[in-house]
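Let me begin by presenting the structure, written as structure tokens, before commenting on it.
Quick note: numbers below take in every heavy atom, side chains included, and nothing from hydrogens, waters or symmetry partners.
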Amino acid sequence: MTNQEIAKILHEMAELLEMKEVEFKPRAYEKAALGVEGLDREVRDVYKERGFSGLMEIPGVGRGIAEHIEGLLKNGKFAEYEKLKKEIPVNITELSAVEGVGPKMIKILYKNLKIKNLNDLEKAAKAGKISGLARFGKKSEEKILKGIEFLKKSGGRRILGEILPVAEKILERLRTLPGVEGAEFGGSMRRMKETIGDLDFVAFSAKPSAVVERFVKFPEVQSVHEKGGHKALVRLNNNTDADIWVTLPRSKGAALIAWTGDKQHNIAIRTLAEKKGWMLNDYGLWKGKKLLASKTEEEVYKKLGLAWIPPEIRNNTGELEAAQKGKLPKLVEYGDLRGDLQVQTDWTDGENSILEMAHAAKKAGLEYIAITDHTKSLAMTGGADEKKLLRQIEEIKKINKKISGIKILSGAEVNIMKDGSLDIKDEVLSKLDVVGAAVHSHFNLSREEQTKRVINAMNNPNIDIIFHLTGRVIGRREAIQIDVDEIIKTAKRKGTILEIDAYPERLDIKDEYIRKCVEAGVKMVIDSDAHSVNHFKYLELGIAQARRGWAKKSDIVNTKPLAEFLKSLK
DNA sequence: GCCGTTTTCGGCCCGACTGTTTTCAGTCG
């Protein structure tokens with residue numbers, strides 16, 4: 001049983017208990033489900049190695065839920081879940097994905113109309129059966145149909161890189177509206193998460209309702225789900241939803257904290273306020289009716305005894321404790337990068353020439369790039385063999401003489417073969433300035449084989465960097481099975497750098513692994529993996545990823561000037 | 001059912017909007 005399957009059962013359990021109006025347990029199951037989802041290993045492997053106590057170390061999992069997970073792993077049994085599921089045998093995950101449909105509604109729909117899945121729901125709504133139920137009307141029915149339609153079209157979360165440009169355009173438009181005194185992203189967009197479910201905007205104005213009215217008429221808005229004096233929820237032309245909340249400028253700090261989240265961070269920080277006998281809501285930090293702080297985030301955090309916490313790390317994984325102790329790291333900043341160590345050109349599968357890429361990189365504010373075209377075993381890209389690489393080294397020397405303000409390094413993205421050997425001879429690799437190695441095939445090897453394979457490659461003294469270690473493509477291809485802890489140990493021993501590939505679909509390695517590298521003292525680089533002159537903008541996504549992994553400037557070697565950077569290579 | 005600077009029992013974040021109602025439950029973030 002995979003983590004996803006276990007998490008799904010825990011989520012469903014939360015909803016089933018919600019239907020039964022059981023108090024507090026739903027949230028406990030919800031938290032446990034999140035804990036399982038967030039794990040960087042398979043629960044079954046944790047159980048195999050560490051047994052029951054390993055399960056109990058999963059965040060949000062205590063004795064009770066650990067026992068249920070154990071049952072699921074041992075024989076697929078979870079008696080209470082099955083019993084509840086028998087009472088209300090419906091596809092909860094599917095139904096609750098419909099906007100506006102929650103556990104209570106699912107229960108009523110099943111009891112009265114025997115609705116079990118999306119198909120049943122759509123049929124019943126179209127036949128006008130739902131509006132006949134007590135406490136349901138025509139509008140509820142329409143809303144359900146709209147929700148189903150949206151679900152069919154949108155297909156879930158979008159990757160950050162895809163949606164960020166759209167969101168920035170809307171934010172700009174919002175900021176320039178008359179009467180608006182500032183606007184920011186909220187939610188997962190402000191936290192720069194890998195994928196975005198919907199867009200959140202927070203705006204500040206003395207006349208909130210006027211701003212809401214203008215917002216819902218933006219050209220990007222396709223339809224309006226709901227609209228009040230301070231809030232609106234709309235659907236955009238690109239089939240994503242966007243929320244806006246407009247509040248008075250004096251509440252800015254508290255409002256941004258409330259709307260940035262994430263949920264667990266908010267719960268933790270509000271609980272912290274409560275423990276001091278205060279109350280934190282969307283408008284401020286209060287002692288009874290007395291306002292203690294609200295204007296800026298810094299002010300609110302400070303009053304609570306916390307340093308300001310960067311949005312990217314607001315997810316209740318230790319940031320509050322660190323902020324309390326003044327031990328938050330100073331994260332690498334947007335704009336800190338001086339180089340890019342993975343750039344493809346038209347020598348293989350890139351779209352532009354070496355010179356064009358160099359100019360584009362310079363324009364993007366970089367001081368050096370490494371040309372890292374694919375190597376020969378990646379035939380589909382026209383990968384370079386030894387002769388072609390040597391020719392490219394000479395070509396780069398020539399171009400370097402012609403240009404100024406940027407230095408081009410010669411490199412390669414060497415293919416790691418199934419057994420961990422490399423497809424380019426050492427004597428040629430040793431002539432390159434920067435050598436990255438990457439897995440591009442045999443994604444399905446066992447964890448042991450895959451780990452051994454990559455470690456073999458790392459043992460080659462010419463390999464400076466491992467590119468996109470886990471090979472995942474968000475939404476399309478799973479990460480390879482690999483023991484990241486072992487890789488990090490080896491990287492530490494060998495002085496190998498691990499890459500944070502900023503290409504929007506990759507974002508590889510992910511934030512938890514970055515955090516492990518930071519803790520282990522393993523250095524990283526942030527690369528665009530550019531295949532065109534337009535791709536250097538992706539570096540921003542990589543920086544966001546690094547920040548979510550608590551990386552400091554000193555953890556990222558391509559924040560260094562060229563000479564210093566070169567010293568950190570083998 | 002989880003969890004702990006109020007620590008092994010007694011708490012569990014907070015508010016806006018909607019729909020179908022006459023005061024609020026359900027949903028969402």
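Spacing of P atoms, B:dC2 relative to B:dC13, comes out at 16 Å, to the nearest Å. Comparing B:dT8 with B:dC3, their C1' atoms are spaced 10 Å from each other, to the whole Å. Separation of the P atoms belonging to B:dT6 and B:dC12 is 14 Å when rounded to the nearest angstrom. For the P atoms, the distance from B:dG26 to B:dT20 is 14 Å, rounded to whole Å. Taking the C1' atoms as reference points, B:dT23 lies 16 Å from B:dC17, given to the whole Å. Spacing between B:dG15 and B:dC9 at atom P, rounded to whole Å, works out to 32 Å.
Of the possible donor and acceptor atoms, none in the side chain of A:Ser205 sits under 3.5 Å from a partner among the backbone N and O of A:Glu181.
B:dA16 atom P lies 7 Å from atom CG of A:Asp282, rounded to whole Å. What separates CG of A:Leu16 from C1' of B:dG1 is a distance of 15 Å, to the nearest Å. Rounded to whole Å, atom C1' of B:dG29 lies 10 Å from atom CD of A:Glu99. Taking atom CD of A:Glu141 as the reference point, atom C1' of B:dT20 lies 14 Å away to the nearest angstrom. Rounded to an integer number of Å, the gap from A:Glu23 CD to B:dC13 P is 12 Å. The nearest whole Å value for the distance from the CZ atom in A:Phe201 to the P atom in B:dG29 is 15 Å. The distance from atom CG of A:Leu133 to atom P of B:dG19 is 17 Å, rounded to the nearest whole Å. Counting to the nearest Å, the P atom of B:dG29 and the CZ atom of A:Arg157 are 10 Å from each other.
Taking the six-membered ring where tryptophan is involved, the planes of A:His265 and A:Tyr301 are perpendicular, since the angle between them exceeds 60° and thus also 30°.
Both the sub-6.0 Å distance and the 45° axial angle are satisfied by A:Lys114 relative to the ring of A:Tyr110.
Side-chain contact check for A:Ile159 versus A:Glu162: some heavy-atom pair is nearer than 4.5 Å.
The side-chain contact (heavy atoms from CB on, under 4.5 Å) search around A:Lys8 returns A:Glu12, A:Thr93, not counting sequence neighbours. Annotation: side-chain contact (heavy atoms from CB on, under 4.5 Å) contacts of A:Pro310 (sequence neighbours excluded): A:Trp308, A:Glu312, A:Ile313, A:Leu328, A:Leu331, A:Arg547. Evaluation of the ring-ring contact (aromatic ring centres under 6.0 Å, His included) rule for A:Phe52 yields no partner, not counting sequence neighbours. Considering only residues two or more places apart in sequence or on other chains, A:Lys489 meets the side chain to side chain donor-acceptor pair (under 3.5 Å) condition with A:Glu486.
Residues of residues 55-71 of chain A that place a heavy atom closer than 4.0 Å to DNA chain B, in numerical order, are A:Gly60, A:Val61, A:Gly62, A:Arg63, A:Gly64, A:Ile65, A:His68. For residues 285-296 of chain A, proximity to DNA chain B is found at no residue, defined as any non-hydrogen atom under 4.0 angstrom from a strand atom. A heavy-atom distance below 4.0 Å to DNA chain B is reached by none of the residues of residues 301-326 of chain A. Taking every heavy atom of residues 257-281 of chain A and every atom of DNA chain B, pairs under 4.0 Å involve A:Lys263, A:Ile267, A:Arg270, A:Thr271, A:Glu274, A:Lys275, A:Met279, A:Leu280, A:Asn281, by number. Near DNA chain B, meaning a heavy atom under 4.0 Å from it, residues 211-247 of chain A has A:Glu226, A:Lys227, A:Gly228, A:Gly229, A:His230, A:Lys231, A:Asp243 in order of number.
In this structure, A:Asp200 and A:Leu17 both approach DNA chain B, and ranking their closest nucleotides by distance from the 5' end singles out A:Leu17. Annotation: of the two residues near DNA chain B, A:Ser96 and A:Gly137, the 5′-most nearest-nucleotide partner is A:Gly137.
Aromatic rings from A:Tyr283 and A:Trp259 are positioned such that their centres are separated by 6.0 Å or more.
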Donor-acceptor pairs are to be reported for all side-chain atoms of residues 223-232 of chain A against protein atoms at under 3.5 Å, with residues two or more places apart or in another chain.
unit_1: A:His225; atom_1: NE2; unit_2: A:Asp241; atom_2: OD1; d: 3.2
unit_1: A:Lys227; atom_1: NZ; unit_2: A:Glu213; atom_2: OE2; d: 2.9
unit_1: A:His230; atom_1: ND1; unit_2: A:Val246; atom_2: O; d: 3.4

Taking distance alone, no hydrogens or angles, what donor-acceptor pairs closer than 3.5 Å link side-chain atoms of residues 507-521 of chain A to residues at least two apart or in another chain?
unit_1: A:Asp508; atom_1: OD1; unit_2: A:Thr470; atom_2: N; d: 3.2
unit_1: A:Asp508; atom_1: OD1; unit_2: A:Thr470; atom_2: OG1; d: 2.8
unit_1: A:Asp508; atom_1: OD2; unit_2: A:Thr470; atom_2: N; d: 3.1
unit_1: A:Asp508; atom_1: OD2; unit_2: A:Thr470; atom_2: OG1; d: 3.2
unit_1: A:Asp508; atom_1: OD2; unit_2: A:Gly471; atom_2: N; d: 2.7
unit_1: A:Asp511; atom_1: OD2; unit_2: A:Arg548; atom_2: NH1; d: 2.8
unit_1: A:Arg515; atom_1: NH1; unit_2: A:Thr317; atom_2: O; d: 3.2
unit_1: A:Arg515; atom_1: NH1; unit_2: A:Thr317; atom_2: OG1; d: 2.9
unit_1: A:Arg515; atom_1: NH2; unit_2: A:Thr317; atom_2: O; d: 2.8
unit_1: A:Lys516; atom_1: NZ; unit_2: A:Asp40; atom_2: OD2; d: 2.7
unit_1: A:Lys516; atom_1: NZ; unit_2: A:Asp485; atom_2: OD1; d: 2.9

Got a list of protein N/O to nucleotides 23-26 of chain B N/O distances below 3.5 Å?
none

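B:dT20 has no base stacking with the ring of A:Phe136 when judged by centroids under 5.5 angstrom apart and an interplanar angle below 30°.
Under 3.5 Å, the side chains of A:Thr271 and A:Glu274 contain no donor-acceptor pair of N or O atoms. In summary, the side chains of A:Ser96 and A:Glu15 do present a donor paired with an acceptor at a separation below 3.5 Å, with no hydrogens or angles considered.
Atom CZ of A:Arg41 sits in a crowded spot, with more than 12 heavy atoms from other residues, nucleotides or ligands closer than 6.0 Å.
Nearest nucleotide to the side chain of A:Ser140, out of B:dG29, B:dT20, B:dC12: B:dT20.
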Do A:Arg190 and A:Glu297 pass the salt bridge (Lys or Arg N to Asp or Glu O under 4.0 Å) test, and can you show the C-alpha distance, the side-chain angles, and the key distance before you say yes or no? CA-CA 14 Å; A:Arg190 185 154 183 251; A:Glu297 287 191 330; 2.9 Å; yes

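Between A:Tyr283 and B:dA16 there is a side-chain N or O to OP1 or OP2 distance below 4.0 Å.
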